[in-house]
Amino acid sequence: MSKQSVAVIAIVFSIGMILGFLPLAGHTGESQVQAATAVNPPPRVDHILLSVSDMTASIAFYRDMIGLRVKSLGAGFSILEAENLSIYLSTSRRSWEPPERKEEHPGLGIYPHFEVDNVKGLVDRLKKAGYKIVQNAQTHDWGTEAFVADPDGYIWALFSWRKRR
C-alpha cells in the first residue's frame with residue numbers, strides 16, 4: 001500500500017471520527033447523541049393529564065394542599081400550574097381507554113415528584129386533612145422524601161433537597 005493510500009485512509013478515518021461515523025471501541029455513540037440533541041433538543045414536558053373522578057376533591061388536593069395555581073376551572077376539565085409544569089384534570093376517559101375497573105389503581109409505576117420546602121410539615125397537613133400517606137417522610141443522604149395519594153389514588157412524591165453547607 002502506498003504512502004498516499006495510507007494518508008487517504010487516515011484522513012477518511014479522522015473525518016469519520018470527527019463526524020461520529022466511526023466510533024472507537026467502547027465508545028457508546030455519545031457524539032452522535034450530542035450532535036442530534038444540538039440539532040433537535042429533547043422535548044419539554046408541558047403538562048400531565050390525570051383522569052379524576054371528583055373535580056372538586058382533586059382541586060382541593062392540588063390547589064389547597066400542594067399549592068398549585070389555578071389557570072382554568074371547569075366542571076369536567078381544569079388546569080393547575082406549578083412553576084415549570086401544568087397538571088390537567090379531566091373527568092372524562094379517552095375513547096381508546098378500556099372501561100374503568102373497580103380494582104384499578106391509576107398511575108401505578110409512575111411517581112412524579114413535587115419539590116417542596118418542608119416535606120414533613122406538608123405530610124402532617126395532608127394527614128390531618130385525611131389524605132392517604134403511602135410512605136411517611138424519610139431522610140436520605142440527598143434530602144427528604146415522602147409519598148402521598150391524591151383523591152383518585154395517584155401517588156406523588158414530595159421531596160426536598162438536603163441543604164448544602
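Y154 places no side-chain N or O within donor-acceptor distance of the main-chain N or O of P112, the cut-off being under 3.5 Å. Remark: side-chain polar atoms of R162 are not paired, donor with acceptor, to backbone N or O of T144 under 3.5 angstrom.
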Below 3.5 Å, can you tabulate the donor-acceptor pairs from side chains in residues 113-121 to any protein atom, sequence neighbours excluded?
{"unit_1": "H113", "atom_1": "ND1", "unit_2": "Y111", "atom_2": "O", "d": "2.7"}
{"unit_1": "H113", "atom_1": "NE2", "unit_2": "E145", "atom_2": "OE2", "d": "2.9"}
{"unit_1": "N118", "atom_1": "OD1", "unit_2": "K120", "atom_2": "N", "d": "3.4"}
{"unit_1": "N118", "atom_1": "OD1", "unit_2": "G121", "atom_2": "N", "d": "2.8"}

Donor-acceptor pairs under 3.5 angstrom involving side-chain atoms of residues 77-86: please list them, not counting sequence neighbours.
{"unit_1": "S78", "atom_1": "OG", "unit_2": "G74", "atom_2": "N", "d": "3.1"}
{"unit_1": "S78", "atom_1": "OG", "unit_2": "G74", "atom_2": "O", "d": "3.3"}

Using atom types as modelled, flag every donor-acceptor pair under 3.5 Å from a side chain in residues 131-140 to any protein atom, sequence neighbours excluded.
{"unit_1": "Q135", "atom_1": "NE2", "unit_2": "Q138", "atom_2": "OE1", "d": "3.2"}
{"unit_1": "N136", "atom_1": "OD1", "unit_2": "K127", "atom_2": "NZ", "d": "2.9"}

Tell me which donor-acceptor pairs under 3.5 Å the side chains of residues 53-63 have, and how far apart each pair is, sequence neighbours excluded?
{"unit_1": "S53", "atom_1": "OG", "unit_2": "D152", "atom_2": "OD1", "d": "2.5"}
{"unit_1": "D54", "atom_1": "OD1", "unit_2": "T56", "atom_2": "N", "d": "3.0"}
{"unit_1": "D54", "atom_1": "OD1", "unit_2": "A57", "atom_2": "N", "d": "3.0"}
{"unit_1": "S58", "atom_1": "OG", "unit_2": "D54", "atom_2": "O", "d": "3.2"}
{"unit_1": "S58", "atom_1": "OG", "unit_2": "D152", "atom_2": "OD2", "d": "3.4"}
{"unit_1": "Y62", "atom_1": "OH", "unit_2": "D150", "atom_2": "OD2", "d": "2.6"}
{"unit_1": "Y62", "atom_1": "OH", "unit_2": "W156", "atom_2": "NE1", "d": "2.7"}

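Cluster annotation: I48 and V70 are assigned to the same hydrophobic cluster (Ile/Leu/Val/Met/Phe/Trp/Tyr, side-chain heavy-atom contacts under 4.5 Å, transitive).
Counting heavy atoms from C-beta on, the side chains of L158 and I66 come closer than 4.5 Å. In this structure, I155 and V148 have side chains that are not in contact, with every pair of non-hydrogen atoms separated by 4.5 Å or more.
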Steps toward side chain to side chain contact (heavy atoms under 4.5 Å, CB included) verdict (S90, L49): CA-CA 7 Å; S90 174; L49 172 64; 3.9 Å; yes

